[in-house]
Amino acid sequence: MPTPKKTEAGYESKALKPQWEKLKLPETDQGSVVFSTDPLIIKSHYEIDYLHSYAEDSPFFVGLSQGQLRGSECRRCHYKYATPRAYCMECGNKTKWIELPLEGRVHSWTTCYFGSEAFLKETPFNLVLVEFAGIDTLLLSRIIGVTQEELRVGMKIRAQFRRNSRFDPTDVYFVPAEPVVPRTGAA
Amino acid sequence: MRPVYMISGGITKFKKAEPRKSFRVMVKESFDYAMRDVPKLRRDMIDGSVVSYFSDHFTRQLMAGIMATDFLGLCPKPNKRVEGGGATGGLCFQAAWEAVASGRMEVCAAYGFETMSHVNTWKGNEFIALASDTNFDYPVGGFYSGYYAMMAVRHMYEFGTTVEQLAMVSVKNHKNALHNSWAQKHLDLTIEDVRHSPMVAYPLTLLDICTMSDGAACCILASEKAAEKVCSNPVKVIGIGTGTDTMRMADRPHGKVILLKHEDPSWYRDLKYPGVHSFRAGRMATKLAYQHAGIENPLEDLDFVELHDAYTSSEIQTYEDMGLCRYGEGGKFIESGAPELKGKIPVNPSGGLIACGHPVGATGLMQAVFAFWQLQGAVAKHNHNDGTIQLRPKKKSRPMRGAIHSHAGTGTYVTVSILESAN
């Protein structure tokens with residue numbers, strides 16, 4: 001391109017426009033997934049990875065990876081928790097870690113045929129609240145190897161652990177510890 | 001504390017999805033409805049407001065409360081957001097009561113909303129389940145219907161409650177809603193219909209569970225002086241109670257029943273309480289509200305109850321928490337017909353959450369609006385002249401009274417407020 005000649009009034013060229021007339025966002029192939037134009041409904045994506053610290057609960061999850069079920073006991077009033085907590089809800093004092101038995105009983109249960117999106121593909125699955133002898137509170141877990149028709153309050157159950165830990169509370173799950181038979185009552 | 005009156009209320013018709021209106025427009029519509037009902041009330045007489053919505057995940061707009069508030073033209077006056085899961089609306093109502101009772105405001109508006117249609121139902125269930133302990137509960141299979149189902153199973157085990165009794169609650173509430181034009185669902189059901197609908201989490205079927213909704217509701221509360229000026233037919237708030245319990249159901253203690261005034265400790269000698277069969281927060285909220293209102297026996301001293309029936313099982317559990325029957329007798333109570341429209345104490349004459357819908361932040365305020373219209377004798381006026389669900393005062397010796405009950409995640413936050421006709 002020939003160099004434009006400069007006069008007192010400015011550059012003489014017809015080919016070049018002033019710089020500000022050329023400003024332009026680059027075009028992209030990004031756009032929206034549109035479901036409707038009346039009203040306008042678009043797909044809006046949202047995703048995030050957290051650095052989630054288990055903080056004071058960490059020993060519970062590490063324990064699961066070692067085949068141990070850890071609960072809490074209040075240092076002052078000796079209330080015993082199947083789901084650990086750093087401070088006692090009864091008296092507010094600090095708790096210490098205790099080891100829970102690996103056998104318990106079904107305190108309550110359900111079979112989920114639907115669920116949150118994250119668990120939908122796992123349906124149907126069973127949830128249980130587990131009670132342990134001598135422990136004051138319960139533990140929420142899953143039970144396998146038993147159906148809605150066979151689950152019952154009071155059933156003897158046993159903890160099992162994943163071999164490859166996920167470091168979440170599903171590293172422990174329960175299985176029946178007595179012969180499974182159809183339930184007679186509603187619960 | 002000085003007396004507080006409810007002088008107006010408004011709601012939008014709750015829908016599965018309302019994509020044509022943002023939450024601000026829905027709140028504005030409910031607010032305008034309430035303002036039209038008290039024409040003498042000017043916007044500049046409102047000293048401030050409280051706003052409620054449950055989930056930032058559903059809204060995907062932080063500080064949505066101020067956006068609703070600036071839409072109503074209530075800036076730069078005081079406002080705050082109140083949040084407590086399913087009880088968000090009930091807590092909002094009580095926060096407005098506090099603002100007026102304390103003397104901070106003469107007139108306070110309480111409004112709430114939820115827009116739950118912006119994600120699919122199963123994602124919505126995930127958002128709701130994030131209101132459970134995310135270390136210990138959510139990852140196991142976070143699903144609120146599953147949590148309530150386990151409470152229902154234990155109630156069935158402890159007390160012999162049947163799945164048919166649960167279904168009766170759904171049948172009753174849906175029947176009442178046939179005469180409520182505001183209700184999201186109008187269904188004439190049988191017990192068989194409820195039991196034969198898809199199982200969600202045993203023993204709860206699709207028709208035992210409320211749906212997600214888009215909607216808004218608004219209540220306007222005022223001091224006696226301000227109420228007298230603008231409203232010929234106000235309703236007095238005579239009792240306020242709030243209770244709490246542990247987030248994790250697994251942590252609920254197995255101790256002694258908190259007794260109401262008309263109850264005898266010998267009734268519950270062998271009952272371990274609350275366990276997972278009862279809502280201790282519901283009982284505490286009830287006890288405080290009854291004490292405040294001077295209610296000695298709810299069956300005699302109340303004319304109706306609007307309670308949080310997100311699940312049929314939780315309505316049965318709540319009959320007991322509110323002392324409408326003894327602990328353990330909730331199943332028999334629905335069977336007796338006592339909570340029906342023509343029964344001893346109508347429960348959810350509006351149709352409750354199961355039929356009206358549950359846009360969380362609006363729900364507790366919706367209950368207040370329905371109770372307000374009942375106590376004004378104005379149901380037909382707001383319901384296309386259909387007064388079928390309008391209740392009459394039970395007694396001439398006292399003003400007509402109703403209780404509203406708002407409840408969050410497996411009974412973590414519960415509010416009970418008692419309203420009384422002032423005429």
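- Between A:Glu117 and B:Asn125, the side chains place no donor N or O within less than 3.5 Å of an acceptor N or O (distance only, hydrogens not considered).
- The candidate from B:Ala152, B:Pro253, B:Pro203 with the greatest count of non-hydrogen atom pairs under 4.5 Å with chain A is B:Pro253.
- The part of A:Phe119 that comes within reach of chain B is its side chain, from C-beta onward, which places non-hydrogen atoms under 4.5 angstrom from that chain.
- Options A:Thr83, A:Thr170, A:Leu129, A:Leu151 differ in how many heavy-atom pairs under 4.5 Å they form with chain B, and the most are formed by A:Thr83.
- The neighbour count for B:Lys272 NZ, taken as heavy atoms of other residues, nucleotides or ligands under 6.0 Å away, does not exceed 12.
- No part of B:Phe127 comes within reach of chain A, as not one of its non-hydrogen atoms sits under 4.5 angstrom from that chain.
- Proximity to chain A is limited to the side chain of B:Thr246, based on heavy atoms less than 4.5 angstrom apart.
- Taking 4.5 Å as the limit, every side-chain heavy atom of A:Phe114 sits out of range of all side-chain heavy atoms of B:Thr121.
- With a 4.5 angstrom heavy-atom cutoff, A:Tyr173 does not touch chain B via any of its atoms.
- Both the backbone and the side chain of A:Pro84 come within less than 4.5 Å of a heavy atom in chain B.
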Item checked: Working for side chain to side chain contact (heavy atoms under 4.5 Å, CB included), residues B:Arg248 and A:Arg85 -> CA-CA 11 Å; B:Arg248 303 191 301 223; A:Arg85 53 192 301 140; 3.7 Å; yes
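- Of the possible donor and acceptor atoms, none in the side chain of B:Glu126 sits under 3.5 Å from a partner among the backbone N and O of A:Ser116.
- Residue contact with chain B, scored on non-hydrogen atoms closer than 4.5 Å, involves the backbone and the side chain of A:Ser44 alike.
- For the residue pair B:Tyr202 and A:Thr110, the shortest heavy atom distance occurs at O-OG1, 2.7 Å.
- For B:Asp133, no part lies under 4.5 angstrom from a heavy atom of chain A.
- For a residue to count as touching a neighbouring chain, one of its non-hydrogen atoms must lie under 4.5 Å from one of that chain's; by this rule A:Asp38 touches chain B with backbone and side chain alike.
- Residue with the most contacts toward chain A among B:Ala129, B:Gly142, B:Ala149: B:Gly142 (heavy-atom pairs, distance under 4.5 Å).
- In this structure, CD1 in A:Ile41 is found 8.0 Å from OG in B:Ser117, a value given to the nearest 0.5 Å.
- In plain terms, the two heavy atoms of B:Gly146 and A:Cys112 that are nearest each other are CA-SG, 3.9 Å.
- Of all the listed residues (A:Leu120, A:Val128, A:Asn126), the one sharing the greatest number of non-hydrogen pairs under 4.5 Å with chain B is A:Leu120.
- Using a 4.5 Å cut-off between heavy atoms, A:Glu122 does not touch chain B at all.
- Taking the six-membered ring where the residue is Trp, the centroids of B:His254 and A:His107 are separated by under 6.0 Å.
- Residue-environment remark: OH (B:Tyr413) stays at or below the threshold of 12 foreign heavy atoms within 6.0 Å.
- For B:Met284, the CE atom is loosely surrounded, since the number of other residues' heavy atoms within 6.0 Å does not exceed 12.
- In this structure, the separation between CG on A:Asp168 and CZ on B:Phe136 is 11.5 Å, given to the nearest 0.5 Å.
- Relative to the ring axis of A:Tyr81, B:Arg252 does not place its NZ or CZ within 45° and under 6.0 Å from the centre.
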Next item on the list: Decide side chain to side chain contact (heavy atoms under 4.5 Å, CB included) for B:Asn135 and A:Tyr54; before the verdict, give the C-alpha distance in whole Å, the side-chain angles of both, and the deciding distance to 0.1 Å.
Entry: CA-CA 7 Å; B:Asn135 275 6; A:Tyr54 283 122; 3.5 Å; yes
Note to self: Evaluate B:Met249 against A:Leu140 for side chain to side chain contact (heavy atoms under 4.5 Å, CB included), listing each step before the verdict.
What the structure shows: CA-CA 8 Å; B:Met249 267 202 306; A:Leu140 176 68; 5.8 Å; no
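- Of all heavy-atom pairs between A:Tyr46 and B:Arg60, the closest is CD1-NH2, 3.7 Å.
- Checked against the 6.0 Å centroid criterion, the rings of A:Phe125 and B:Phe143 do not qualify as a close aromatic pair.
- With a 4.5 Å cut-off on non-hydrogen atoms, A:His52 touches chain B through its side chain but not through its backbone.
- Counting heavy atoms from C-beta on, the side chains of B:Tyr138 and A:Pro169 never come closer than 4.5 Å.
- Paired with A:Ser108 under the rule side-chain contact (heavy atoms from CB on, under 4.5 Å), one option of B:His277, B:Met151, B:Arg154 passes, and it is B:Arg154.
- Counting all heavy atoms, side chain and backbone alike, A:Trp109 lies closest to B:Val153 at O-CG2, 3.2 Å.
- Residue contact with chain B, scored on non-hydrogen atoms closer than 4.5 Å, involves the backbone and the side chain of A:Ala186 alike.
- Heavy atoms of other residues, nucleotides or ligands lying less than 6.0 angstrom from CG of A:Leu51 number 12 at most.
- For the pair A:Thr137 (side chain) and B:Asp251 (backbone), a donor-acceptor distance under 3.5 Å is absent.
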